[in-house]
Amino acid sequence: MSIMMKAIEGTEARVLWSCRTRCIELLELGVQEMNGYFRPFRYEVHISGESVLYKSKSEHAAMQYLEMLLGSAPGELEL
């Protein structure tokens, strides 16, 4: 049964934060389960439309990387 459930479930990416002026975004990758619950399994910092700069299983760690990269907290920057 679990094999069939995994075949039906698909990976989705959600944009948690994006800055057009700096072309950087924070993505949350996860699986939409059959019961409707979204289960994230990885967070990635990207240059928009290009390569992955950072991957982590922790949202907090990805936010910390983004802060170090930008020099300030994402909430303090213009989106």
Side-chain angles (χ1 to χ4, degrees):
M1 180 73 171
S2 65
I3 294 172
M4 186 173 170
M5 289 176 68
K6 290 291 182 192
I8 294 171
E9 297 170 346
T11 301
E12 293 184 14
R14 296 180 179 182
V15 177
L16 295 181
W17 183 87
S18 179
C19 181
R20 291 183 199 137
T21 59
R22 296 185 187 214
C23 300
I24 296 173
E25 58 191 10
L26 174 62
L27 301 179
E28 176 182 56
L29 281 76
V31 175
Q32 186 72 40
E33 295 181 343
M34 291 178 62
N35 63 4
Y37 179 72
F38 183 77
R39 183 174 36 91
F41 60 83
R42 187 171 65 226
Y43 298 88
E44 296 181 355
V45 176
H46 284 253
I47 295 174
S48 297
E50 294 187 24
S51 61
V52 178
L53 298 174
Y54 182 78
K55 294 180 187 179
S56 176
K57 291 183 179 182
S58 165
E59 181 179 4
H60 179 74
M63 289 294 289
Q64 291 294 315
Y65 178 83
L66 193 56
E67 286 182 24
M68 288 187 303
L69 183 67
L70 300 173
S72 61
E76 297 171 1
L77 298 171
E78 291 182 28
L79 299 180

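Just so it is clear, the values below take in all heavy atoms, side chains as well, and ignore hydrogens, waters and symmetry mates. Start at 1 with the first residue, then count along the sequence.
Within 6.0 Å of CZ in F41 there are more than 12 heavy atoms belonging to other residues, nucleotides or ligands.
For the pair Y54 and A62, the tightest heavy-atom approach, listed with the atom from each and the gap, is CE2-CA, 3.7 Å.
Put simply, the side chain of E44 reaches to within 4.5 Å of the side chain of L29, judged on heavy atoms. Residues V15 and L26 form no side-chain contact, since every pair of their non-hydrogen atoms from C-beta on lies 4.5 Å or further apart. Side-chain contact between E25 and I47: absent, with no pair of heavy atoms (C-beta onward) separated by less than 4.5 Å. Taking the side chain as every heavy atom from C-beta outward, L53 and Y65 approach each other to under 4.5 Å. A 4.5 Å side-chain heavy-atom check between K57 and R42 finds every atom pair outside the cut-off.
When hydrophobic clusters are built by joining Ile, Leu, Val, Met, Phe, Trp and Tyr residues whose side-chain heavy atoms come closer than 4.5 Å, directly or via intermediates, M34 is not grouped with Y37. Note: the hydrophobic cluster containing V52 does not contain I24 (ILVMFWY, side chain heavy atoms under 4.5 Å, direct or indirect links).
Distance check, rounded to the nearest 0.5 Å: SG of C19 to CG of L66 gives 9.0 Å. Residue M63 holds its CE atom at 6.0 Å from CD of E67, rounded to the nearest 0.5 Å. Distance check: L27 CG to R14 CZ gives 12.0 Å after rounding to the nearest 0.5 Å.
Under the 3.5 Å distance criterion, the side-chain polar atoms of Q32 are matched with a main-chain donor or acceptor of G36.
Among K55, H60, E28, the single residue meeting the side chain to side chain donor-acceptor pair (under 3.5 Å) criterion with Y43 is E28.
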